[in-house]
Amino acid sequence: MGETTAARQHREAWGSLRRLPSKRWQARYNGPDGKLYSARTEDDRPLTFLTKGDARAWLNRTHAAISRGEWEPPTEAARRQREEAEAAAIRDVTFREYAVQWLERAEREPGKGGRMRKPGTLMMYRGRVKNYLLEPLGDVKVRDIDAERLRNLARDLAALPSRLRPHAKHNGVAGDAIDVLKMILRAAVRDGILAKVPDVATPARKSVRHDHDHTPEDDVATPSQVDQLYHALPQPWSIAVLLAAWCQLRRGEVLGLQRRDIVWNYDRTAATLYVRRQKNGSTGDLTDPKSEKGIRSMAVPPLIVERLRDHLDTRVAAEPAAPVVPIKEKGLRHMSATRWNQVWTDQRDMVAGLPEGYRFHDLRHTGLTRFAQEGATLAELMRRGGHADINVVLRYQKATMARDIDLAARMSATVLDELRRVSNSGS
């Protein structure tokens, strides 16, 4: 056995060659670290040769590499090459490939504030990427997105016509699309793909609905117009108008209301409304309000108490979780945002004097404006409206429920008086 092994072993001037039972040849050598190594591939797999000459040539090349100081252990060489290949792949990643990765990370990882992103936010990200970024940038390498390319894209997006109002001067999406792109590029900087985010201004966000002469006061409906909207909308949905205007609720908050969220006093002459959830316009789910400040309670203005009580008694199911604005009378399914928008746009034009394209959300603006006119402090307005962006002065102010009840009553008295004057003048 020893002679057979010796016959297969061939010593060279440096290293050794061995013929294997498979008739292939193996090369072995002592490395600079004193360890014995067999030939390996670049990815650190066993390497054998068809002929003795091939094995000897490989051994000579390895010897030369050691002489030049370029040798490294096969395992380390394979690791380094893998890392270099991965780095090269990252450097060459296209925007389409990276955007898909970024969207997946945005869905499973918390945002800058440590909170998971809401479904509506993720849907907006996906929409901006799909509709506005993939076509111009999809096949571009992320590392090639420079200031000139970003500047040209911002200009082209700002020039797109509005999908909602083709003749509007602005499209309402360019700013959001560029902001989403910058978020993706900031992540690329953190991942070492891009050196820095190009310094290009985000297109200004301008209203698609209004021209430069428009002021916020133009969106404030009169009490008479609010009342006309209430009568214009079919049942069991008209109560939504009063809740948006005089309880200053957002659309999702109105559609998310349930019977148990309205708590009456002992003789049902006054009520407190609790905002605990919203109907998400993007997913259709019942979710938490827009922010922690959105969870709140408020006095129901006496102005709408009778109508609200009648609505609950005649059009809302008896179950505590029954929706206040159901799809059908006494139904147990909440009205969807899409269906509500259809109802709203079909009926709002029946009221004269409202601005073109008057939004349901403008009723909330109407109510908060009237609340402010009654002397509400900024803190009280923030509390009533469930706003989260409270400035520094609000740290030293705190609205109370008693003040909320007083303000709601004062607003009701003023509005009722105005309605009476309009009614009397028409008779």
Is any NZ, NE, NH1 or NH2 atom of the basic residue among [X] and [Y] found under 4.0 Å from an Asp or Glu carboxylate oxygen of the other?
| X | Y | value |
| --- | --- | --- |
| Asp362 | Arg359 | yes |
| Arg80 | Glu72 | yes |
| Asp92 | Arg143 | yes |
| Arg151 | Glu148 | no |
| Arg149 | Asp144 | no |
| Arg268 | Asp313 | yes |
| Asp179 | Arg128 | no |
| Arg276 | Glu253 | no |
| Asp227 | Arg307 | yes |
| Asp199 | Lys182 | no |

What distance separates [X] [atom1] from [Y] [atom2], expressed to the nearest 0.5 Å?
| X | Y | atom1 | atom2 | answer |
| --- | --- | --- | --- | --- |
| Arg410 | Thr414 | CZ | OG1 | 8.0 Å |
| Leu257 | Lys279 | CG | NZ | 13.0 Å |
| Lys330 | Thr314 | NZ | OG1 | 7.0 Å |
| Thr287 | Gln278 | OG1 | CD | 4.0 Å |
| Leu229 | Ser238 | CG | OG | 10.5 Å |
| Leu181 | Leu153 | CG | CG | 6.5 Å |

Heavy-atom pair of closest approach, residues [X] and [Y]:
| X | Y | answer |
| --- | --- | --- |
| Gln26 | Ser38 | NE2-OG, 3.7 Å |
| Gln347 | Pro234 | CG-CD, 4.0 Å |
| Thr41 | Pro46 | CG2-O, 4.1 Å |
| Ala352 | Gln225 | O-NE2, 3.2 Å |
| Val316 | Val324 | CG2-O, 3.8 Å |
| Tyr98 | Ile184 | CE2-O, 3.5 Å |

More than 12 heavy atoms of other groups within 6.0 Å of [X] [atom1]:
| X | atom1 | answer |
| --- | --- | --- |
| Arg45 | CZ | no |
| Glu135 | CD | no |
| Arg333 | CZ | no |
| Glu329 | CD | yes |
| Met116 | CE | yes |
| Glu306 | CD | no |

When the aromatic ring centroids of Trp246 and Phe371 are compared, is their separation below 6.0 Å?
no
Are the side chains of [X] and [Y] in touch, meaning some heavy atoms are under 4.5 Å apart?
| X | Y | value |
| --- | --- | --- |
| Tyr132 | Leu160 | yes |
| Met298 | Leu249 | yes |
| Cys247 | Leu242 | no |
| Met411 | Leu407 | no |
| Thr202 | Ile178 | yes |
| Leu416 | Pro302 | no |
| Leu36 | Arg28 | yes |
| Gln248 | Leu243 | no |

Tell me, with the steps shown, if Arg126 and Met123 meet side chain to side chain contact (heavy atoms under 4.5 Å, CB included).
CA-CA 5 Å; Arg126 288 191 288 268; Met123 185 171 290; 4.2 Å; yes
Run the numbers on Asp261 and Arg277 for salt bridge (Lys or Arg N to Asp or Glu O under 4.0 Å), then give the verdict.
CA-CA 10 Å; Asp261 299 325; Arg277 75 195 69 77; 2.4 Å; yes
Students often mix this up, so state it plainly: with edges at 30° and 60°, are the rings of [X] and [Y] parallel, tilted or perpendicular?
| X | Y | value |
| --- | --- | --- |
| Tyr358 | Trp344 | tilted |
| Phe49 | Trp58 | tilted |
| Trp102 | Tyr125 | tilted |

Test side chain to side chain contact (heavy atoms under 4.5 Å, CB included) on Thr272 and Val300 and set out the steps.
CA-CA 6 Å; Thr272 300; Val300 175; over 6 Å; no
Would you please test Ser224 and Glu418 for side chain to side chain contact (heavy atoms under 4.5 Å, CB included) and show each step?
CA-CA 8 Å; Ser224 179; Glu418 191 168 335; over 6 Å; no
With no hydrogens and no angle check, do the side chains of Tyr37 and Asn30 hold a donor and an acceptor under 3.5 Å apart?
no
Does a donor on one side chain and an acceptor on the other come within less than 3.5 Å for Thr269 and Asn265?
yes
Checking Leu286 against Gln258 for the side chain to side chain contact (heavy atoms under 4.5 Å, CB included) test, could you report, in this order, the C-alpha distance in whole Å, the side-chain angles of both residues, the deciding distance, and whether it holds?
CA-CA 11 Å; Leu286 291 175; Gln258 297 175 350; 3.9 Å; yes
Is a side-chain donor or acceptor of Arg315 paired with a backbone partner of Gln235 at a separation under 3.5 angstrom?
no
Apply side-chain hydrogen bond (donor to acceptor under 3.5 Å, both in side chains) to residues Arg421 and Asn424 and explain how you reach the verdict.
CA-CA 5 Å; Arg421 290 201 306 272; Asn424 292 336; over 6 Å; no
